[in-house]
Protein chains: 2
Amino acid sequence: MLEYIILGFLMHKELTGYDLKQCMLNSTSNFFDASFGSIYPALKKMEDKGLVSSNEVVEGGKYKKRYAITRTGEADFWTWLEQEIDFSKTKPDHLIKVFFYGFLPKDKAVHNLHKFIERVEQVHNRLAEHEKQVKIHADTYQYSTLVFGMDYYTLIINWSKSLLQELEK
Amino acid sequence: MLEYIILGFLMHKELTGYDLKQCMLNSTSNFFDASFGSIYPALKKMEDKGLVSSNEVVEGGKYKKRYAITRTGEADFWTWLEQEIDFSKTKPDHLIKVFFYGFLPKDKAVHNLHKFIERVEQVHNRLAEHEKQVKIHADTYQYSTLVFGMDYYTLIINWSKSLLQELEK
DNA sequence: CGTTCCATGTAAGGCGTTACATGATTAC
DNA sequence: GTAATCATGTAACGCCTTACATGGAACG
């Protein structure tokens with residue numbers, strides 16, 4: 001995941017490891033954040049794989065290693081981006097691809113969002129079926145965690161639909 | 001985290017590793033699920049630490065290792081449970097303690113929920129302040145991920161408040 | 001001249017997963 | 001008899017974090 005997020009940011013412009021951390025801090029940190037301890041090794045690994053290239057410079061007396069995305073890296077990023085939107089019950093992983101959806105043709109984005117909604121609706125319905133039994137057998141607290149789950153899935157569905165509406169404008 | 005969830009389930013009754021997996025599957029799997037590959041080693045580790053004890057039996061021709069929580073384990077569980085409710089921007093960690101809040105005195109539960117709401121409101125407000133700038137500088141998709149964040153925090157706040165109301169009945 | 005920010009990196013460890021290995025029982 | 005379920009466990013690996021180590025620049 002981290003690798004694709006790095007690639008996504010590098011699609012805009014060349015960045016250092018430090019820059020990448022800043023990018024995340026003021027844009028994706030609500031759903032994704034990485035520490036330096038994972039960013040720097042990731043960049044090194046990605047360079048070995050040929051997804052990025054680096055050039056070392058001294059700017060303002062500071063040693064910097066600025067990374068750029070390669071053709072291979074771009075291809076990798078596109079392939080990843082056009083895949084189905086991820087869905088996780090425990091993390092808002094769906095936001096990650098959508099964050100970079102500006103790089104995807106609108107019709108593809110719309111299509112993927114529709115398929116995503118379908119999937120989340122299925123998960124929601126399965127939980128809703130389970131709900132009656134839990135209401136009887138579980139206590140207030142346990143039941144409330146199930147309700148949170150349903151509310152959360154509903155939120156994802158509504159959010160996706162409102163994004164679709166925004167796109168159809 | 002896994003260790004406390006195991007302890008939580010063992011507070012009710014003695015269970016095997018397999019049972020624990022089943023417990024999670026039909027109750028916490030929406031926000032927490034562990035594989036056998038983490039459950040069994042966790043149990044072993046917890047036994048070494050004296051949090052649980054095991055007895056091996058053959059039932060219905062099946063070898064079973066049934067675990068029970070020890071006094072030390074219970075003490076550990078209480079201490080954990082009465083701590084502040086966890087808040088994570090990326091995972092619904094707050095559900096974990098609340099799921100076991102039946103073991104906490106109601107006044108303590110109410111108190112912790114109030115403090116939790118305060119904290120989430122702070123996070124929400126900080127994001128709301130950031131919102132205007134993002135609306136201007138980011139694209140539709142990037143802005144939508146921020147909106148999701150705000151909606152998500154609002155969901156947590158409303159859910160907590162409705163749980164509090166339920167408790168005050 | 002001390003603190004904060006800029007900047008890169010390593011080492012140790014935590015926490016979890018998937019895949020593998022094994023074997024009995026139950027249901028069709 | 002074969003598939004699913006019950007039942008326990010290990011090994012390899014992924015992915016991330018915290019803490020550490022280093023050093024220059026900018027601010028007051």
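None of the values given here were measured: they were computed from a predicted structure. In the text below, chain A, chain B and the rest are named by the order of the sequence lines, each starting its count at 1.
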Residues B:Glu166, B:Lys169: salt bridge by 4.0 Å N-O rule: yes

Basic-acidic side-chain contact under 4.0 Å: A:Glu121, A:Lys161: yes

What is the distance, to the nearest angstrom, from the [atom1] atom on [X] to the [atom2] atom on [N]?
{"X": "B:Ile6", "N": "C:dG16", "atom1": "CD1", "atom2": "C1'", "value": "13 Å"}
{"X": "A:Phe36", "N": "C:dC5", "atom1": "CZ", "atom2": "P", "value": "12 Å"}
{"X": "A:Arg66", "N": "C:dA7", "atom1": "CZ", "atom2": "P", "value": "8 Å"}
{"X": "B:Asp33", "N": "C:dC15", "atom1": "CG", "atom2": "P", "value": "18 Å"}
{"X": "B:Lys64", "N": "C:dT25", "atom1": "NZ", "atom2": "C1'", "value": "11 Å"}
{"X": "B:Tyr18", "N": "C:dA24", "atom1": "OH", "atom2": "C1'", "value": "13 Å"}
{"X": "B:Ile39", "N": "C:dG16", "atom1": "CD1", "atom2": "P", "value": "10 Å"}
{"X": "A:Lys65", "N": "C:dT10", "atom1": "NZ", "atom2": "C1'", "value": "13 Å"}

N or O in side chain of B:Ser35 less than 4.0 angstrom from C:dT17 OP1/OP2: yes

Side-chain N,O (A:Tyr63) to OP1/OP2 (C:dT8) below 4.0 Å: no

Sugar-phosphate only, base, or nothing, as touched by B:Ala34 at under 4.0 Å among non-hydrogen atoms: sugar-phosphate

Nucleic acid contacts - residues 21-30 of chain A versus DNA chain D, non-hydrogen atoms under 4.0 Å: none

B:His12 ring center near B:Phe100 ring center (under 6.0 Å): no

B:Phe148 ring center near A:Phe31 ring center (under 6.0 Å): no

Parallel, tilted or perpendicular: rings of B:Tyr18 and B:Phe36 (30°, 60°): parallel

A:Tyr153-B:Asn30 side chain donor-acceptor pair, cut-off 3.5 Å: yes

Modelled atom types, side-chain donor and acceptor of A:Thr16 and A:Asp19, under 3.5 Å: yes

Residue A:Lys106 excluded, over 12 heavy atoms near NZ under 6.0 Å: yes

Along DNA chain C (nearest heavy atom to each residue), the more 5'-positioned of A:Tyr67 and B:Met1: A:Tyr67

Which nucleotide in C:dT25, C:dC6, C:dC15 has an atom nearest any side-chain atom of B:Lys62: C:dT25

First encountered from the 5' end of DNA chain D, between B:Asp19 and B:Gly37: B:Asp19

Test log, rule side chain to side chain contact (heavy atoms under 4.5 Å, CB included), inputs A:Asn112 and A:Phe116: CA-CA 6 Å; A:Asn112 285 359; A:Phe116 176 66; over 6 Å; no

First and last nucleotide of DNA chain D, 5' to 3', lying under 4.0 Å from heavy atoms of chain B: D:dC6 to D:dT10

